[in-house]
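To keep things clear, I will list the structure first and then write my remarks on it.
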Amino acid sequence: MGFFITFEGVEGCGKTTQIKLLAELLAARGISAVLTREPGGCPIADKIRTILLDAENSAISPLAELMLYAAARAQHVTEVISPALEAGEIVLCDRFCDATVAYQSFGRGIDRRVIDNLNGHACQGVLPDLTVLFDCDPVVGLERARRRIEATCGLREERFELEALDFHHRVRNGYLHLAKEDPHRFVIIDGSETVEEIYAAISSQVVARIPEALRAVR
Ligand code: TMP
């Protein structure tokens, strides 16, 4: 089996930049890794992503939204994550099942048991070995996300950025709650620090958690 690392946090917490840097660091050391994200990661799930993040779809109901995340995950696990882990790869995934608990349960208020149940089906037994939580004040994160969106001329994936600040505080609390529930799986990184500081934290803390056998140059 490979090693499955997920990256989580509120909008603009800096995780996407850091996953790319981590993938580059691993590649420079001759360690191969599969880099993917949710929602998305394969053609069918990418189509679902377009529906989920389109700012014009603000009328989507919380339950429909939840089921689309689960559908995208089921496809992504089947098509990408499971085969890669079975082939012994390191998989770096930008968001996974914890995002559904933080956003759809703590954020939207859907019963946690419904989400755990659906996640159980969608994940098909695949759970992260390590989850890196980029913790940051939503005010800081949303400002970063706003600047990123303004600099993007293409598709505007901003439905969540348009939520009220209170929603983002609930999401942050949700993530911190999950980290307390499972302290061995989670590593918490201060996402309000600079890119360089966060990178230093990631490269020391995360690489050390990858099993020795997978860190060997292949
Ligand atoms: P991203 O901006 O990190 O690519 O994530 C896409 C958005 O989807 C982000 O606002 C968080 C949200 N999301 C959920 O609400 N539930 C989920 O299960 C996942 C994976 C993402």
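Residue numbers run from 1 in the order of the sequence given. Whatever order the structure lists them in is the order used to number ligands and atoms, beginning at 1. Every heavy atom of this structure was used, including side-chain atoms; hydrogens, water molecules and symmetry mates were not. The structure presented is a predicted model; accordingly, all values stated were derived computationally and were not measured.
The distance from ligand 1 to the heavy atoms of Gln104 drops below 4.0 Å at these ligand atoms: 14 (C), 15 (O), 16 (N), 17 (C), 18 (O). Remark: ligand 1 atoms within the under-4.0 Å shell around heavy atoms of Arg49 are 4 (O). Of all atoms in ligand 1, listed by their number and element, those nearer than 4.0 Å to a heavy atom of Arg73 are 18 (O), 20 (C). Near Lys15, the atoms of ligand 1 lying under 4.0 angstrom from a non-hydrogen atom of the residue are 3 (O). Listed by atom number, the atoms of ligand 1 under 4.0 Å from Thr100 heavy atoms are 17 (C), 18 (O).
At a heavy-atom cutoff of 4.0 Å, ligand 1 is contacted by the side chain of Leu53 but not by its backbone.
Applying the 6.0 Å contact sphere to CD of Glu181 captures more than 12 heavy atoms from other residues, nucleotides or ligands.
Among Arg95, Arg108, His168, the residue whose heavy atom sits closest to atom 3 (O) of ligand 1 is Arg95. Of the listed residues (Phe7, Tyr103, Phe96), the one carrying the non-hydrogen atom nearest atom 11 (C) of ligand 1 is Tyr103.
Residue pairs meeting the salt bridge (Lys or Arg N to Asp or Glu O under 4.0 Å) criterion with at least one member in residues 60-76, sequence neighbours excluded: Glu38-Arg73, Glu65-Arg108, Glu65-Arg159.
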Salt bridge (charged side-chain N to carboxylate O under 4.0 Å, His left out) evaluation trace for Arg172 with Asp135: CA-CA 7 Å; Arg172 181 192 194 187; Asp135 181 49; 2.8 Å; yes
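By the 3.5 Å distance cut-off applied to N or O atoms, Glu11 is counted among the residues near ligand 1.
Interatomic distance, CZ of Arg113 versus OG of Ser105, reported as 10.5 Å (0.5 Å rounding).
A donor-acceptor pair is defined here as one N or O able to donate and one able to accept, closer than 3.5 Å; such a pair exists between the side chain of Ser204 and the backbone of Ala201.
Under the side chain to side chain donor-acceptor pair (under 3.5 Å) test applied with Arg185, the options Thr6, Asp129, Thr131 reduce to a single match, Thr131.
Aromatic ring orientation, Phe96 versus Phe4: perpendicular (interplanar angle above 60°, classes split at 30° and 60°).
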